[in-house]
Amino acid sequence: MTLIPFRVSWPRLVYMERNRLLVRHAAVAGSFYPENPRTLEEAVRGFLRPADAPVRALGIVVPHAGYVYSGHVAGEVYSSVDLPRRLIILGPNHTGAGAPLAIMSEGQWQTPLGEATIDRELATSLKRGDPDLTEDPSTHRMEHALEVQLPFIQCIRGSDFLFVPIAVGTSDLETIARLGRAMAAAVEAVDEPVLIIASSDMNHYESDEATRVKDRRAIDRVLDRDPEGLHEVVLREGISMCGFGPATSMLVAVNRLGASRADLAKYATSGDIFGERERVVGYAGIVVS
């Protein structure tokens, strides 16, 4: 989703070395979400709600459009789960640059709410399990799909979390499935919960009616916890779900980790926000446990 609801303030410097630590500066603060820390926190907390019984999830699907459009769907997902300290965040590679499976294994990512630290131990384990994972900070340089998840996590956990960023720039099923198997093995080796976050919007730039039909077909495959079925229906039906690779990989992983159910937390389109129904983007929030 490329609609820009906030004032654009692109950083001149996206990466810097601080005492040999690689720091990725926010690339889309001021465009996809507010740049001012107080305004950002207020916006995110406005999307969150108290949960009576948060779910101990294994994986989630969360949208990554500008918060004006999809923040309410993302907020419903994050409100529904018991967010653990360790996370793997998968997103699509919108730019097409860099490695097909691009990981960062150390350093920090900055948002207006502070710094989020990469889980070096878990990232190293993932790379041992999947030789396709390539250390490639350049792929993450201007990619928004992972960055927009961090303020939600920061509002819930503060700075008390670690994450592994992975950009998926391939649709090859075996490559995606191999990553899923590696994630499952790495999670099994950790002595605390790990949540796998698949960042994805749904169908893009068709009518609201057509988008809802197409999205339902993809959502049903996720709810069935059917990674091969999701991959097949997206390609067969021409569903422009940008993060179907990350979602497919997440499903492979959580099935191996014992997932037994998946629930649709919320669905909406951009037409629900501004009333334009001729050219919309769909957003689904799904919790797999």
Side-chain angles (χ1 to χ4, degrees), residues 57-64 87-103 122-123 125-136 139-140 143 145-146 164-188 194-204 211 213-262 264 282-289:
L58 296 169
I60 57 177
V61 177
V62 194
H64 55 236
L87 311 161
I88 301 170
I89 311 180
L90 309 168
N93 180 348
H94 287 94
T95 68
L101 294 181
I103 190 172
L122 186 55
S125 177
L126 282 166
K127 289 196 296 183
R128 281 198 300 264
D130 186 354
D132 293 327
L133 282 167
T134 301
E135 196 71 29
D136 187 2
T139 300
H140 294 278
E143 177 56 59
L146 280 65
V164 180
I166 301 173
V168 178
T170 177
S171 61
D172 179 70
L173 180 57
E174 179 49 38
T175 301
I176 293 167
R178 186 160 51 245
L179 173 60
R181 295 191 293 270
M183 288 194 295
V187 170
E188 285 179 326
V194 178
L195 177 66
I196 302 172
I197 300 172
S199 177
S200 181
D201 293 339
M202 300 300 290
N203 196 58
H204 287 63
T211 289
V213 170
K214 286 188 169 185
D215 283 350
R216 188 71 243 185
R217 292 169 182 159
I219 290 167
D220 284 346
R221 299 287 73 75
V222 180
L223 296 181
D224 288 342
R225 306 185 311 283
D226 179 4
E228 294 83 6
L230 173 63
H231 186 272
E232 190 272 336
V233 76
V234 166
L235 295 181
R236 186 188 72 229
E237 301 291 337
I239 303 168
S240 53
M241 176 184 179
C242 53
F244 80 96
T248 299
S249 189
M250 179 273 289
L251 289 173
V252 170
V254 299
N255 283 343
R256 294 174 74 91
L257 292 168
S260 60
R261 64 178 295 167
L264 181 63
Y283 313 115
I286 302 174
V287 176
V288 188
S289 57

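Because only heavy atoms are used, hydrogens play no part in the values below, and waters and symmetry mates are left out as well, while side chains stay in. We number each residue from 1, following the sequence as shown.
For residues 239-248, every residue pair satisfying the side chain to side chain donor-acceptor pair (under 3.5 Å) rule, not counting sequence neighbours, is listed here: N203-S240. Sorted by first and then second residue, the ring-ring contact (aromatic ring centres under 6.0 Å, His included) pairs involving residues 221-241 (not counting sequence neighbours) are H231-F244.
Going from atom OG of S260 over to atom CG of N255 covers 10.0 Å, rounded to the nearest 0.5 Å. Between the CD1 atom of I88 and the CD1 atom of I166 there is a distance of 6.0 Å, given to the nearest 0.5 Å. Of the inter-residue distances, the one linking L251 atom CG with L58 atom CG reads 11.0 Å to the nearest 0.5 angstrom. Annotation: the span from S249 atom OG to L90 atom CG amounts to 5.5 Å, rounded to 0.5 Å.
When atom types are taken as modelled, the side chain of N93 and the backbone of T95 share a donor-acceptor pair closer than 3.5 angstrom. For the pair K127 (side chain) and T134 (backbone), a donor-acceptor distance under 3.5 Å is absent. Without hydrogens or angle criteria, T170 side chain to D172 main chain gives a donor-acceptor distance under 3.5 Å. Judged by distance alone, with hydrogens and angles left aside, the side-chain atoms of H64 form no donor-acceptor pair with the main-chain N or O of V62 at under 3.5 Å. Here the side chain of H140 pairs a donor or acceptor atom with the backbone of A102 at under 3.5 angstrom. Counting only distance, with no hydrogens or angles, the side chain of E143 and the backbone of A145 share a donor-acceptor pair below 3.5 Å. The closest donor-acceptor contact from the side chain of D215 to the backbone of Y283 lies at 3.5 Å or more, if one exists at all. Checking side-chain atoms of S200 against main-chain N and O of G243 turns up a donor-acceptor pair under 3.5 Å. The main-chain N or O of A186 is never found under 3.5 Å from a side-chain atom of S125 such that the two would form a donor-acceptor pair.
Closest approach of I196 to A253, counting heavy atoms only: CD1-CB, 3.6 Å. Closest approach of D201 and M241 over heavy atoms only: O-CG, 3.4 Å. Minimum heavy-atom separation, P246 to P92: CG-N, 3.7 Å. Contact record, R256 with A184: CB-CB, 3.8 Å, taken as the closest heavy-atom pair. Heavy-atom minimum distance, A167 versus T139: CB-CG2, 3.8 Å. For V287 against A57, the heavy-atom pair with the smallest separation is CG1-CB, 3.8 Å.
Proximity of L264 to I219: side-chain heavy atoms (C-beta onward) are separated by under 4.5 Å at one or more points. V288 has its side chain out of reach of I60: every pair of non-hydrogen atoms, C-beta onward, lies at least 4.5 Å apart. For the pair L122 and V194, the minimum side-chain heavy-atom distance is below 4.5 Å. Counting heavy atoms from C-beta outward, R216 and V213 have side chains that stay 4.5 Å or more apart. Counting heavy atoms from C-beta on, the side chains of L126 and M183 come closer than 4.5 Å.
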Notebook entry, point to check: Should R217 and E232 be marked as a salt bridge (charged side-chain N to carboxylate O under 4.0 Å, His left out) after you check the CA-CA gap, both sets of side-chain angles, and the distance that decides it?
Noted result: CA-CA 11 Å; R217 292 169 182 159; E232 190 272 336; over 6 Å; no

Note to self: Would R221 and V234 count as a side-chain contact (heavy atoms from CB on, under 4.5 Å) here? Give the steps.
What the structure shows: CA-CA 10 Å; R221 299 287 73 75; V234 166; over 6 Å; no

Next item on the list: Step by step, work out the side-chain contact (heavy atoms from CB on, under 4.5 Å) result for M202 and T211.
Entry: CA-CA 8 Å; M202 300 300 290; T211 289; 5.8 Å; no

Next item on the list: Evaluate the criterion side-chain contact (heavy atoms from CB on, under 4.5 Å) for residue pair L230 and D224; output intermediate values, then yes/no.
Entry: CA-CA 9 Å; L230 173 63; D224 288 342; over 6 Å; no

Next item on the list: Determine, step by step, whether M250 and V61 satisfy the side-chain contact (heavy atoms from CB on, under 4.5 Å) criterion, reporting the C-alpha distance in whole Å, the side-chain angles of both residues, the deciding distance to 0.1 Å, and the verdict.
Entry: CA-CA 9 Å; M250 179 273 289; V61 177; 3.6 Å; yes

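V164 pairs in a side-chain contact (heavy atoms from CB on, under 4.5 Å) with only one of the listed residues (L146, I103, L87), which is I103.
Annotation: side-chain contact (heavy atoms from CB on, under 4.5 Å) contacts of D132 (sequence neighbours excluded): L101, D130, T175, R178.
The local environment of CZ in R261 is sparse, with at most 12 non-hydrogen atoms from other residues, nucleotides or ligands closer than 6.0 Å.
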